[in-house]
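Below you'll find the structure, written out as structure tokens, and then a few comments.
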Amino acid sequence: MKSFKIITLGCKVNQCESESLGVALREADWWPAPEDWPAGLCIINTCTVTGKASMQSRQAVRQAVRANPGAFIVVTGCYAQTEAEALKKIEGVDFIVGHGDKHRIAEIVDVYLKDASTPRRFETDVDPAPEFQAMKTLSPMVLRRDVADARGFDPMPAAPNGNRTRPSLKIQDGCDAFCTYCIVPYARGRSRSMPLSEVMESIARLSAAGYREVVLSGIHLGCYGRDLEPSADLPTLLRRIDDEAVIDRVRLSSIEPLELSADIVDRVAASERFCPHFHVPLQSGDNGVLRRMHRPYTRDVFEKIVVRIDDEIPHAAIGADVLIGFPGESEAAFRNTYETVKNLPISYLHVFPFSARKGTPAARYPDPVPIDAIKDRCRRMRDLGSIKRKAFYRRFLGRTVTVLVENERDAETGLLKGMSSNYLKVMLEGGDGLKNCIVPVVVERVWPGKLVFGRLMNDLPPR
């Protein structure tokens, strides 16, 4: 039997791509290996957004080699795209595949294993293609294109048999912003969008497979559609999703401040189909730091956007990213960020320490912030984020929220678990018949950390 495992690091886009790879492998007669069993094929989908992510990617590759002796090891993702030379030094890696051919990994592996000059670990029925012959004298083999030249959207279909209750659908890839600290445009290329009709077809397939919610994801989601002919935009897509009622719930992943238009907020406010949950990257609350980051907004602009969301949708969750320790960030600049977050109705934070990425302008900037100062500021900001999250959760004590119950119970307590439309992680008692149902839940208790406990409303049926 041809068994596989996919190990995923990083963002929702990576998660979505991994699920699509799993679909392609199943269609090519591969089968997912049980969690505790070694696999014949192991794919590591890497991340390189920070130095820590790069280190974790290398660790994941080495662990996969050790845990799956004799397996065919394929490394893909952003770290594979930007740091192939580092990966070539890891013993046991067979293939390094960049983003340009990520969607073809199932084909590439079967073509390679078909060649009689290589170890026949598995039986395949795929004829070798001439374009791969030259690569077979290399070890490991590297298949990596210049993503700067990529213009079309690579076909990564929705995964209707994935293991997530709330699957992500990648509808946009790449980024044109080139913030001075960010490696992502160099790893993924320019902004590219899935055609609108294909988005609708993908959502329809997920709905037909029984999914109740889809998370629309992208590297620069707010730029969706600008590259299409004819051009489109995110508000147009959301209007069509709402009008055609193709799925019960739609959640948006991160959207840049200037792209979170009034049209989008109004649509979410007016329709129960869209989850009242916004993630808006701040990065810094200091205007000087924002300019050096090449972020095209000011603190005042960000504040007005968050306040507008809270005014129009008071129960909405509003998350933010904060980047700490950017070169030249003084204690006063950090305090500006801290006070900005403290004074706004932000529900939770993602806090990242600055990590110099080779090839980005910020890697050459003077005035680095001492490591100890970065750690201390991150701790203070995360403590503030914890306070914000608990305060947001407590606002819903005694109130009813709609929860999509996940297909797997909590491993520790055995309770059902799910996610409310406004991003509360909820635990509740109930039978298995509630799995994958959207149910009304009364919030009864906030647990220290990131959970709330609730009870099913008896007078309202699940749907």
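Quick caveat: nothing in here was measured; it's all calculated off a predicted structure.
Between Y186 and F178, the angle of the ring planes goes over 60°, which puts this pair in the perpendicular group of the 30/60° scheme.
Between the side chain of R382 and the backbone N or O of V351 there is at least one donor-acceptor pair closer than 3.5 Å. With hydrogens and angles ignored, the 3.5 Å screen pairs a side-chain donor or acceptor of S3 with a backbone N or O of G40. Checking side-chain atoms of R188 against main-chain N and O of G174 turns up no donor-acceptor pair under 3.5 Å. Although no hydrogens or angles enter the test, the distance criterion places no donor-acceptor pair under 3.5 Å between the side chain of S254 and the main chain of V280. Remark: the backbone N or O of P195 is not paired with any side-chain donor or acceptor of S193 at under 3.5 angstrom. Checking side-chain atoms of S207 against main-chain N and O of I247 turns up no donor-acceptor pair under 3.5 Å. S355 places a side-chain N or O within donor-acceptor distance of the main-chain N or O of G51, the cut-off being under 3.5 Å. Between the T236 side chain and the A232 main chain, no donor and acceptor come within less than 3.5 Å of each other. Of the possible polar contacts, one joining the N68 side chain to the A64 backbone as a donor-acceptor pair under 3.5 Å is found. A donor-acceptor distance shorter than 3.5 angstrom exists from the side chain of Q81 to the backbone of H99, with no hydrogens or angles considered.
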Check against side-chain contact (heavy atoms from CB on, under 4.5 Å), V215 and L252: CA-CA 6 Å; V215 183; L252 302 175; over 6 Å; no

List the steps and the verdict of side chain to side chain donor-acceptor pair (under 3.5 Å) for Y79 and R58. CA-CA 9 Å; Y79 191 65; R58 293 190 298 271; 2.9 Å; yes

Determine, stepwise, if the pair F354 / I324 fulfils side-chain contact (heavy atoms from CB on, under 4.5 Å). CA-CA 6 Å; F354 171 75; I324 303 299; over 6 Å; no

Apply the test side-chain contact (heavy atoms from CB on, under 4.5 Å) to residues K388 and Y348: give CA-CA distance (whole Å), side-chain angles for both, the deciding distance (0.1 Å), then the verdict. CA-CA 6 Å; K388 286 282 186 177; Y348 66 92; over 6 Å; no

Show your working on side-chain contact (heavy atoms from CB on, under 4.5 Å) between S54 and E83 and close with a plain yes or no. CA-CA 9 Å; S54 296; E83 298 290 346; 5.6 Å; no

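Contact check on E256 versus R295 returns a salt bridge, with a Lys/Arg side-chain nitrogen under 4.0 Å from an Asp/Glu carboxylate oxygen. Salt bridge R226/D176: absent, no basic N to carboxylate O contact under 4.0 Å. R212 has no carboxylate O lying under 4.0 Å from a charged side-chain N of E406, or vice versa, which leaves the two without a salt bridge. Looking at K417 and D410, no side-chain N of the basic residue comes within less than 4.0 Å of a carboxylate O on the acidic one, giving no salt bridge. Using a cutoff of 4.0 Å between basic side-chain nitrogens and carboxylate oxygens, R267 and D242 are scored as salt-bridged. Contact check on D101 versus R104 returns a salt bridge, with a Lys/Arg side-chain nitrogen under 4.0 Å from an Asp/Glu carboxylate oxygen.
Using a 4.5 Å heavy-atom cutoff, the side chains of I43 and L25 are in contact. Side-chain contact between T180 and Y365 is present, with at least one heavy-atom pair separated by less than 4.5 Å. Counting heavy atoms from C-beta on, the side chains of L428 and F453 never come closer than 4.5 Å. In this structure, W30 and L41 have side chains that are in contact, with non-hydrogen atoms separated by less than 4.5 Å. In this structure, the side chains of V403 and I438 stay at 4.5 Å or more apart for every pair of heavy atoms. Side-chain atoms of T165 and Y211, non-hydrogen and from C-beta on, never get closer than 4.5 Å to each other. Between C47 and C78, the closest side-chain pair of non-hydrogen atoms is not below 4.5 Å. Between F278 and I313 there is a side-chain heavy-atom pair separated by less than 4.5 Å.
The structure places NE2 of H220 at 10.0 Å from CD1 of I255, a figure rounded to the nearest 0.5 Å. Atoms CG and CZ, on L424 and F392 in that order, are 5.5 Å from each other to the nearest 0.5 Å. Here the CZ atom belonging to R192 is positioned 14.0 Å from the CD1 atom belonging to I171, to the nearest 0.5 angstrom. A distance of 7.0 Å separates OG in S421 from CZ in R251, rounded to the nearest 0.5 Å. The CG atom of L9 sits 10.0 Å away from atom CD of Q15, with the distance rounded to the nearest 0.5 Å. To the nearest 0.5 Å, atoms CD (E19) and CG (N45) are separated by 11.0 Å.
Judged purely by distance below 3.5 Å, without hydrogens or angles, the side chains of R389 and S386 never pair a donor atom with an acceptor atom. Residues N14 and K170 have side chains that never bring a donor and an acceptor to within less than 3.5 angstrom of each other. A donor-acceptor contact closer than 3.5 angstrom links the side chains of S18 and T8. A donor and an acceptor atom, one from each side chain of S261 and D263, are nowhere located under 3.5 Å apart.
For Y181 and H294, the distance between ring centers is not under 6.0 angstrom.
The minimum heavy-atom distance between R249 and L404, with the atom names listed, is NH2-CB, 3.5 Å. Taking all atoms of both residues into account, the shortest heavy-atom contact from I7 to A60 is CG2-CB, 4.5 Å. The two atoms that bring F302 and P257 nearest to each other are CD1-CG, 4.0 Å, heavy atoms only. Minimum interatomic distance between T76 and T46 (heavy atoms only, all atoms of both residues): O-OG1, 2.6 Å. Across every non-hydrogen atom of C11 and I219, the tightest pair is SG-CD1, 4.4 Å. Closest approach of I241 and I203 over heavy atoms only: CD1-CD1, 3.7 Å.
More than 12 heavy atoms of other residues, nucleotides or ligands shown are found within 6.0 angstrom of CD on E244. The number of heavy-atom neighbours closer than 6.0 Å to CD of E272, taken from other residues, nucleotides and ligands shown, is 12 or below. More than 12 heavy atoms of other residues, nucleotides or ligands shown are found within 6.0 angstrom of NZ on K5. Other residues, nucleotides and ligands contribute more than 12 heavy atoms inside 6.0 Å of the NZ atom of K435.
Under a cutoff of 6.0 Å and an axis angle of 45°, K2 and F72 do not form a cation-pi pair.
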